[in-house]
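The structure under discussion appears below in the form of structure tokens.
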Protein chains: 2
Amino acid sequence: MLTRRLSRRALYQQVRDVLASRIAAGEWRPGVALPSEADLARELGVSSGTTRKALKLLEAERLLTRRQGHGTFVTDPASDEHALRYTNICTGDGERIASEVEVLEVSKGLASEAQRNRLGLRPDGETCCIRRVHRCDGEPFIVEEIAMPSVLFPGLVERGDLSRSIASLAREFGILLGRAEERLSVGAATEFGAKLLRLPVGAPILMLDRLIHSVDGTPVEWCLRQAHLDDKYYDAKLD
Amino acid sequence: MLTRRLSRRALYQQVRDVLASRIAAGEWRPGVALPSEADLARELGVSSGTTRKALKLLEAERLLTRRQGHGTFVTDPASDEHALRYTNICTGDGERIASEVEVLEVSKGLASEAQRNRLGLRPDGETCCIRRVHRCDGEPFIVEEIAMPSVLFPGLVERGDLSRSIASLAREFGILLGRAEERLSVGAATEFGAKLLRLPVGAPILMLDRLIHSVDGTPVEWCLRQAHLDDKYYDAKLD
DNA sequence: TAGTGGTCTAGACCACAGA
DNA sequence: CTGTGGTCTAGACCACTAA
């Protein structure tokens with residue numbers, strides 16, 4: 001039950017937390033409406049204004065979509081909204097690229113020091129590692145090395161399709177994705193990258209270093225990429 | 001006076017507009033508190049909840065800073081908050097760079113076709129153009145070519161200091177800055193860039209293409225940059 | 001202690017979508 | 001027409017800041 005002044009956390013934040021975990025648990029399938037504001041408010045024993053504020057938060061976090069006169073819905077993790085959320089590379093005409101992905105290598109084991117630092121893991125922390133290549137119209141243009149804390153994705157490497165987007169994987173394991181930072185620089189293609197991108201070793205290339213957190217701030221994915229852009233570009237939004 | 005249902009625009013949006021223009025006009029100096037929510041509400045003839053919603057909007061647009069128990073203040077355009085708003089290049093240890101700027105060249109005239117397209121100008125539109133170089137610890141690392149619609153900055157080139165940030169310039173001319181997009185790619189240093197950055201022509205370099213809009217969506221500044229990063233990096237936020 | 005913004009409530013009315 | 005989310009109000013109380 002929701003406490004009022006026993007907890008320091010604001011009531012609408014507590015409502016957000018309750019709803020977020022129920023969403024993560026899959027209580028409402030994407031495409032099916034949640035109860036209305038008024039019904040949720042009654043159920044939770046708070047005012048509809050407080051419920052409304054919580055729903056607004058969840059909408060801002062992209063967990064929900066609301067439409068006047070229609071209802072409140074869980075955002076479909078298979079939608080472009082989610083799949084392209086962390087994808088900032090565009091074709092020359094400004095379209096986000098939904099690239100074809102091929103998995104090259106999968107492994108699991110003790111995290112390297114760099115991985116521990118970046119993902120905030122303890123010395124005995126383990127990671128799942130994936131190497132993949134992205135193609136656009138058959139042309140390889142990105143190679144990437146992904147590391148994820150094993151504890152967040154139990155049984156991941158033993159299972160099926162690792163070519164899916166992080167949004168899709170996270171959904172399956174009940175993780176709600178939040179903010180991310182990406183560091184960009186110009187570098188020289190490594191042997192690994194050059195071979196797959198069909199470039200000479202040392203060719204100038206865009207290096208990307210991305211860290212995705214969950215909504216509560218836990219690091220979820222560290223992704224190192226080498227990109228050969230050609231006429232594509234990286235589209236950063238500043239606001 | 002604020003109309004209620006004569007206008008389709010929501011009341012709190014109208015309150016936002018009124019306050020935004022009063023801020024742009026310099027009615028309240030940075031560092032001095034605005035009237036309280038209750039006082040503003042009385043003055044404008046709306047409820048304090050509506051006023052509150054408008055103030056929240058203006059805070060999200062970075063025009064205001066609010067602190068519980070303290071008051072509501074106009075954000076100082078000379079503050080880092082504003083000056084570094086569109087600056088995503090960091091030193092190796094993650095600090096935004098407040099670089100030293102030198103103006104190389106200033107001109108004004110009929111906009112080029114590219115400038116018209118990017119800034120949404122008519123065929124007879126004019127632009128102010130500035131070429132500058134940025135240094136960090138004396139080392140040049142960015143050269144840039146800026147274009148701004150002359151009509152927004154009357155008398156700019158005839159006046160003083162063009163080494164200031166766009167935030168500072170905009171403040172002087174009563175323009176409130178909003179969203180921006182920046183396109184990044186890897187390119188070869190032009191003759192202009194290479195010379196100033198002390199690199200060979202054709203050296204691999206980060207190319208940046210930034211467009212800043214005002215809060216109401218009008219393009220305000222187009223900035224083309226060439227950056228030699230070394231151990232610095234571009235820090236993009238994804239959320 | 002006085003004054004500020006932040007939270008919470010209860011309820012009225014509006015705008016929109018779908019049966 | 002009904003039900004949804006969006007706006008707006010009035011007022012109570014809480015939490016923080018500074019004098």
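Here is how names work: the chains are called A, B, and so on, in the same order as the sequence lines, proteins then strands, and each is numbered from 1. Computed over heavy atoms, backbone and side chain alike; hydrogens, waters and symmetry mates excluded.
- Note: CG (B:Leu55) to C1' (C:dG6) measures 13 Å, nearest angstrom.
- For the pair A:Pro35 and A:Trp28, the minimum side-chain heavy-atom distance is below 4.5 Å.
- If you take CZ of A:Arg52 and P of D:dT7, they are 7 Å apart, rounded to a whole angstrom.
- Nearest heavy atoms, B:Glu221 versus B:Met148: CG-CG, 3.9 Å.
- Between A:Leu64 atom CG and D:dG5 atom C1' the separation is 13 Å, expressed in whole Å.
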**Report entry** A:Arg9/A:Asp17 under salt bridge (charged side-chain N to carboxylate O under 4.0 Å, His left out): CA gap, chis, key distance, verdict
**Finding:** CA-CA 10 Å; A:Arg9 194 158 170 75; A:Asp17 295 343; 2.7 Å; yes
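- One interatomic measurement links the two molecules: CZ of B:Arg66 to P of C:dG6, which rounds to 5 Å at whole-angstrom precision.
- Summarising the geometry, the separation between NZ on A:Lys56 and P on C:dC8 is reported as 18 Å, rounded to the nearest angstrom.
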Query raised in the report: When you look at B:Glu144 and B:Arg210, which way does the salt bridge (charged side-chain N to carboxylate O under 4.0 Å, His left out) test go after all the steps?
Result: CA-CA 10 Å; B:Glu144 62 187 6; B:Arg210 180 181 73 186; 5.3 Å; no
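- Residues from residues 67-74 of chain B with heavy atoms under 4.0 angstrom of DNA chain D, sorted by number: B:Arg67, B:Gln68, B:Gly69.
- The side chain of A:Thr50 contributes an N or O atom lying less than 4.0 Å from OP1 or OP2 of C:dT9.
- For the pair B:Leu44 CG and D:dC8 C1', the interatomic distance rounds to 15 Å; values are reported in whole Å.
- Counting heavy atoms of neighbouring residues, nucleotides and ligands inside a 6.0 Å radius, atom CZ of B:Arg135 exceeds 12 of them.
- Heavy-atom contacts from other residues, nucleotides or ligands closer than 6.0 Å to CG of B:Asp137 number 12 or fewer.
- Taking atom CG on B:Asp39 and atom P on C:dG3, their separation rounds to 11 Å, with Å as the unit.
- Relative to the side chain of B:Ala10, the nucleotides C:dT4, D:dT7, C:dC8 differ in distance, and D:dT7 lies closest.
- Counting all heavy atoms, side chain and backbone alike, A:Ala167 lies closest to A:Leu177 at CA-CD1, 3.8 Å.
- Under 4.0 angstrom from either OP1 or OP2 of D:dC8 there lies no side-chain N or O belonging to B:Tyr12.
- If you check C:dT7, D:dT7, C:dC8 against the side chain of A:Lys53, the one that comes closest is C:dT7.
- Per the geometry, CD belonging to A:Glu37 stands 13 Å off P belonging to C:dT9, to the nearest Å.
- The nearest heavy atom of DNA chain C to A:Gln13 and to B:Leu34 marks one nucleotide each, and the one closer to the 5' end goes with B:Leu34.
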